[in-house]
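The figures that follow rest on heavy atoms only: side chains count, while hydrogens, waters and symmetry mates do not. Numbers restart at 1 for each chain; the letters A, B, ... are given by sequence-line order, proteins then strands.
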Amino acid sequence: MLDIKKIREDADGVRKGMTAKGVDAEVVDVVLKHDGARRSKLFEVEELKAKRNAVSKEIGAKKKSGEDTSDIQAEMRNLGECISSLDQEVEDISGKLHEAMLTMPNLPHETTPVGNDESANKVVKEVGEKKTFDFEPKGHIEIGEKLGIIDFPRATRMTGAGFPMLVGQGARLERALIAFMLDMHTKEHGYTEIAPPFLVNSESMIGTGQLPKMAEDMYKITEDDLWLVPTAEVPVTNIYREEIIEQELPIYLTAYTPCWRREAGAAGKDTRGMIRVHQFDKVEMVKFVKPEGSYDELESLLQNALDVIERLDLNYRILSLCSGDISFAAAKCYDIELWAPGQDDWLEVSSCSNFEDFQARRAKIRYRDANGKPQFIHTLNGSGVALPRIMVAILENNQQEDGSVILPEALVPYMDGLIKLTC
RNA sequence: GGAGAGGUGGCUGAGCGGUUUAAAGCGGUGGAUUGCUAAUCCAUUGUACUCCGUUUAGGGGUACCGGGGGUUCAAAUCCCCCCCUCUCCGCCA
């Protein structure tokens, strides 16, 4: 959520930001209209309440000394009715204001490239060479099925398309990757591991910005009014919802969770294989930091994710996403993409974002500044990294002509010394 | 799921319709005193919104005693619904 004061003071700047994010700037005028109306009504009703409080106190005193107060009480009954109808008006206006505010995306940071869609994303850096083969490289589906480590047909029968099942060494590789990443983030990057709930309530989804906008992209358990997490960002960021954090900052947290996404708007896109699925595993990193250094923290967060990829000997490129392509809540976002020879395309395996105080404002997460005053903190998160696509990258980059796959050295200890997946 | 007991400021804990502007203690902050540690004394002490003022400072008001409704001139206090915690019972990996 944006700061209402910022919208009042710099309406034009906010309009510009909305436009850059691909949102109709008219929302600014809607917000300002409701804000003005709310403030004047609030002033009106608060004056009446002050009067009521004073008179009620008088009544108490008069009753004590035995005076008759029925006249003033009757008068106050009318005042009470005025107050409750004004209260209702204030509540209605506040509701509309809040609703409008919740639909406003975060403003892009000044270093975020301006643009409408992914064509305006900027390649910041490309590291490593695309692998070349002296045979025709296969896609991960063929490789995986031949190795017997992925079973799409049975998973589809059991659940439906987009819910892949890993088998044997495939399941083991998944677990190895998770353990490898968590170990790296906890032992080398200073993160504390969290094993959070996989279902959260609506307040948490609003807190990180998934609701209201992304409702139809998520799975909902209607009966209990809970949602399946689309990313560990949600439960982990919401750990401190409605708190003033008293412990020392920054706080670095990492968590493995499955992620569930309905991918409602993506029907027919990448439907085969593991590129775009309804359930996938991910290791996520989340940071709670003071505002001053949050952009340095974004750079180090990105590096934490890159360390995973470099250790697995994969080539990659980093994109700085443009204003129209970054997520609703983000001010700045880097994507990390891996080259997948079987797809002949880049695969996004991580998004590292700075949300500044946007999520903190929604989720009411604060810290105390040097003067002891509560202030909204800055939150950041990044995938560290998403599992199916890194699995795809490993299978497709490390495939041999005979169909076997050589495992990255860093994973060998996690695979009980296995160096190669074979049929 | 059933029965009972609870949920009050950073913490402990009183209050159970109107001198509560939420007692008292602990803690925190500032000051006084004192070889040090410590003790003692004095003062102070939350959050959000809002209005006035403003270079700063400041001053007023409203709301907040788990959450949401209701009764009343007046609710921490009475009534209803919900959430959470604890104890016992039931069910259960």
* Asked: Has R38(A) got a side-chain N or O lying under 4.0 Å from the OP1 or OP2 atom of U50(B)?
  -> yes

* Asked: Has R366(A) got a side-chain N or O lying under 4.0 Å from the OP1 or OP2 atom of A48(B)?
  -> yes

* Asked: Is there a side-chain contact between E203(A) and I206(A), using heavy atoms and a 4.5 Å cut-off?
  -> no

* Asked: Do N354(A) and E297(A) have side-chain heavy atoms sitting under 4.5 Å apart?
  -> no

Rounded to the nearest Å, what distance is computed from the [atom1] atom of residue [X] to the [atom2] atom of nucleotide [N]?
X: K57(A); N: G18(B); atom1: NZ; atom2: P; value: 13 Å
X: E58(A); N: U19(B); atom1: CD; atom2: P; value: 14 Å
X: I4(A); N: A48(B); atom1: CD1; atom2: P; value: 16 Å
X: I83(A); N: U62(B); atom1: CD1; atom2: P; value: 10 Å
X: L86(A); N: U50(B); atom1: CG; atom2: C1'; value: 15 Å
X: E243(A); N: A48(B); atom1: CD; atom2: C1'; value: 17 Å
X: N201(A); N: G66(B); atom1: CG; atom2: P; value: 20 Å
X: D87(A); N: U50(B); atom1: CG; atom2: C1'; value: 14 Å

Those residues of [range] lying under 4.0 Å from RNA chain B by at least one heavy atom:
range: residues 28-36 of chain A; answer: none
range: residues 90-101 of chain A; answer: none
range: residues 62-77 of chain A; answer: K63(A), Q73(A), M76(A), R77(A)

For the residue pair [X] and [Y], does the interplanar ring angle fall in the parallel (under 30°), tilted (30 to 60°) or perpendicular (over 60°) class?
X: H185(A); Y: H189(A); answer: tilted
X: H109(A); Y: Y295(A); answer: parallel
X: F163(A); Y: H278(A); answer: tilted

* What stems, by residue range, does RNA chain B take part in, given at least 3 consecutive Watson-Crick or G-U pairs under 3.5 Å? -> B:1-7 with B:83-89, B:10-12 with B:24-26, B:27-32 with B:40-45, B:46-52 with B:58-64, B:66-70 with B:78-82

* What is the nucleic acid contact for K364(A), judged by heavy atoms within less than 4.0 Å: base, sugar-phosphate only, or nothing? -> nothing

* **Among U50(B), C73(B), U47(B), the nucleotide that comes nearest once only the side chain of K373(A) is considered** => U47(B)

Pairing donors with acceptors under 3.5 angstrom, does anything connect the side chains of [X] and [Y]?
X: Q279(A); Y: Y219(A); answer: no
X: Q359(A); Y: T379(A); answer: yes
X: S204(A); Y: N201(A); answer: yes
X: Y334(A); Y: E299(A); answer: yes

* What distance, rounded to whole Å, do you find between the two C1' atoms, one in A57(B) and one in G70(B)? -> 44 Å

* **Euclidean distance for C1', G1(B) against C11(B) (whole angstrom)** => 35 Å

* If you take all heavy atoms of P164(A) and A155(A), which pair is closest and at what distance? -> C-CB, 4.1 Å

* Asked: Do you know the tightest heavy-atom contact between L387(A) and E174(A)?
  -> CB-OE2, 3.6 Å

* Structure fact -> Residues at least two apart in sequence or cross-chain that pass salt bridge (Lys or Arg N to Asp or Glu O under 4.0 Å) with K21(A), listed by chain then number, are none

* Does CD in E292(A) sit with more than 12 non-hydrogen atoms of other residues, nucleotides or ligands closer than 6.0 Å? -> yes

* Structure fact -> Whether each nucleotide of nucleotides 51-61 of chain B has a protein heavy atom under 4.0 Å at its base (B), only at its sugar-phosphate (S) or at neither (-) is summarised, 5' to 3', as S---------B

